[in-house]
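Sequential numbering from 1 along the given sequence is applied to the chain's residues. Computed over heavy atoms, backbone and side chain alike; hydrogens, waters and symmetry mates excluded. On a predicted model such as this, the values are computed, not experimentally measured, just so you know.
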Amino acid sequence: MDRSLLNPCLALALAISLCAAQAAERAIDKEVVVNATLDQAWEAWTTREGIRSFFAPDAVVEPHVGGAFHIHMDPGGAPGMKGADDMRFMALQPKKMLSFDWNAPPHLPEARAQRTFVVVRFEPLSAQSTQVTLHHTGWGDGGQWDQAHAYFDKAWGGVLGNLKKRFESGPYDWTEWLKQLEAWRTEAAKKSAAPK
């Protein structure tokens, strides 16, 4: 090979790898192994009862492309303030993968106005054990995007931890969470009604 071509080829290869590294998207990746059959793990993500058992106190779940994936962390909240309102399933490969669009929590309105995307994959490890992996991407940079990324980096760990517990000790009990939400609403109403 002509040695005069080596340096340009090497430079091109280096430039391509640098561009690829810069283009890599910021993402959140989490995984958990649950003591559940593949069917049980799939149903936990694709039914209202399943979502209520580990993810949120209420939900609207229509498991088909374009179907609702509304996760209500605050079922008593005003429309648009319940949590992941108006989210949709983007793709489903039964018992293998599902994806949905997602938004930031209401306290981050700038980031909440945009959507990110979550892919959840299911891999049976045995008859009673399933690996669930979650990949969350589509992030912007700076400001509320950084806050939302940090929030979900922690939150998805909690969600998957609750999924694991759901199959070890039973469904999550949302009673205390709902009482706390009601207390916050009551306090907020008192503050807004107080003379200024």
Novice: Do you know which two heavy atoms are closest between T137 and R26, and how far apart they sit?
Specialist: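 Looking at all heavy atoms of both residues, the closest pair is OG1-O, 3.6 Å.
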Novice: Tell me whether F117 is reachable from V159 by hopping between hydrophobic residues (I, L, V, M, F, W, Y) whose side-chain heavy atoms are closer than 4.5 Å.
Specialist: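 No, because V159 and F117 fall into different hydrophobic clusters, even though each may have its own neighbours under 4.5 Å.
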Novice: Write down the atom of G66, the atom of R88, and the distance for their closest heavy-atom approach.
Specialist: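 Looks like O-CD, 2.9 Å.
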Novice: Please tell me if the side chains of T116 and F152 come closer than 4.5 Å, counting only heavy atoms from C-beta onward.
Specialist: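 In short, these two side chains do not touch, never coming nearer than 4.5 Å.
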Novice: Identify whether V118 and W139 are in the same connected component of the hydrophobic contact network (ILVMFWY, side-chain heavy atoms under 4.5 Å).
Specialist: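 Yes, V118 and W139 fall within the same hydrophobic cluster.
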Novice: With a 4.5 Å cut-off on side-chain heavy atoms, are R112 and Q144 touching?
Specialist: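 Counting from C-beta outward, Q144 and R112 never come under 4.5 Å.
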Novice: For W45 and F100, take the angle between the two ring planes, folded into 0 to 90°, and tell me which bin it lands in: parallel under 30, tilted 30 to 60, perpendicular over 60.
Specialist: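 Answer is parallel, since the angle falls under 30°.
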Novice: Before you tell me yes or no, could you show the steps for V61 and E49 under side chain to side chain contact (heavy atoms under 4.5 Å, CB included), namely the whole-Å CA-CA distance, both residues' side-chain angles and the distance that decides it to 0.1 Å?
Specialist: CA-CA 9 Å; V61 180; E49 297 76 24; over 6 Å; no
Novice: Is M90 reachable from F55 through a run of hydrophobic residues whose side-chain heavy atoms are each under 4.5 Å from the next?
Specialist: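 Per the 4.5 Å side-chain linkage, F55 and M90 are not co-clustered.
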Novice: Counting only N and O atoms by type, is there a donor-acceptor contact under 3.5 Å from the side chain of S129 to the main-chain atoms of S126?
Specialist: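 It does not hold such a pair.
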Novice: Hey, does Q114 have a side-chain heavy atom less than 4.5 Å from the side chain of W145?
Specialist: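 A side-chain contact under 4.5 Å exists here.
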Novice: Between K82 and D74 (side chain of the first, backbone of the second, donor and acceptor by atom type, cut-off under 3.5 Å), is there such a pair?
Specialist: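 Judged by distance alone, no pair lies under 3.5 Å.
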Novice: Measure the CD-NZ distance between E43 and K95 for me, rounded to the nearest 0.5 Å.
Specialist: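 It comes to 7.5 Å.
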Novice: Can you name the closest pair of heavy atoms from A44 and F167 and give their distance?
Specialist: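 Closest pair (atom of A44, atom of F167, distance): CB-CZ, 4.2 Å.
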Novice: Do I71 and W102 have side chains that get closer than 4.5 Å, going by heavy atoms?
Specialist: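 When only atoms from C-beta onward are counted, W102 and I71 do touch, with a gap below 4.5 Å.
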Novice: Determine whether the aromatic ring centres of F89 and F69 lie less than 6.0 Å apart.
Specialist: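 Judged by ring-centre distance (under 6.0 Å), F89 and F69 do meet the cut-off.
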Novice: Tell me whether M87 is reachable from M97 by hopping between hydrophobic residues (I, L, V, M, F, W, Y) whose side-chain heavy atoms are closer than 4.5 Å.
Specialist: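 No, it is not one cluster - the side chains of M97 and M87 are not joined through contacts under 4.5 Å.
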Novice: Could you pull out the closest heavy-atom pair between I51 and A59, with the gap in Å?
Specialist: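 Shortest heavy-atom separation between I51 and A59 comes out as CG2-CB, 3.5 Å.
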Novice: Determine the minimum heavy-atom distance between A91 and V65, stating which atoms define it.
Specialist: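 Looks like CA-CG2, 4.0 Å.
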Novice: With side-chain contact (heavy atoms from CB on, under 4.5 Å) as the test, pick out the partner of L125 among V34, T130, V33, L38.
Specialist: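 That would be V33.
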Novice: Check whether any side-chain heavy atom of L160 sits under 4.5 Å from a side-chain heavy atom of L134, and report yes or no.
Specialist: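 L160 vs L134: side chains touch.
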Novice: More than 12 foreign heavy atoms under 6.0 Å from NZ of K165: is that the case here?
Specialist: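 At most 12 heavy atoms, drawn from other residues, nucleotides or ligands, come within 6.0 Å of this atom.
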Novice: Would you say L92 and L163 are hydrophobically clustered, going by side-chain heavy atoms of ILVMFWY under 4.5 Å?
Specialist: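 Yes; L163 is reachable from L92 via cluster members.
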Novice: Just say parallel, tilted or perpendicular for the rings of W177 and W174, cut-offs at 30° and 60°.
Specialist: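 Ring orientation, 0 to 90° scale: perpendicular.
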Novice: Within a strict 4.5 Å, meaning less than it, do heavy atoms of the H149 and I28 side chains meet?
Specialist: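 Yes - at least one pair of side-chain heavy atoms lies under 4.5 Å apart.
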Novice: Looking only at the side chains, is there a donor atom on one of D39 and T37 sitting less than 3.5 Å from an acceptor on the other?
Specialist: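 Per modelled atom types, D39 and T37 side chains form no pair under 3.5 Å.
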Novice: Over 60° means perpendicular and under 30° means parallel, so classify the ring planes of H136 and W156, tilted if in between.
Specialist: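 Taking H136 first and then W156, their aromatic rings stand perpendicular (interplane angle over 60°).
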Novice: Answer with yes or no whether the side chains of H70 and D85 bring together a donor and an acceptor at under 3.5 Å.
Specialist: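 No.
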Novice: Check A56 against M73 and note the closest heavy-atom contact, atom names and distance.
Specialist: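 It is CB-SD, 3.4 Å.
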Novice: Hydrogens and angles aside, do S53 and R166 bring a side-chain donor and acceptor to less than 3.5 Å of each other?
Specialist: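 A pair is found: one side chain offers a donor N or O, the other an acceptor, under 3.5 Å apart.
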Novice: Report the distance from atom CG of L178 to atom CD of E182, rounding to the nearest 0.5 Å.
Specialist: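 The distance works out to 9.0 Å.
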Novice: Measuring only between side-chain heavy atoms, which start at C-beta, is V132 closer than 4.5 Å to V32?
Specialist: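 Yes; the side chains approach each other to less than 4.5 Å.
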Novice: Is any side-chain heavy atom of E31 closer than 4.5 Å to a side-chain heavy atom of Q131?
Specialist: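 Yes - at least one pair of side-chain heavy atoms lies under 4.5 Å apart.
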Novice: Please answer whether the main-chain N or O of D58 pairs with a side-chain N or O of R52 as donor and acceptor at a distance below 3.5 Å.
Specialist: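 No.
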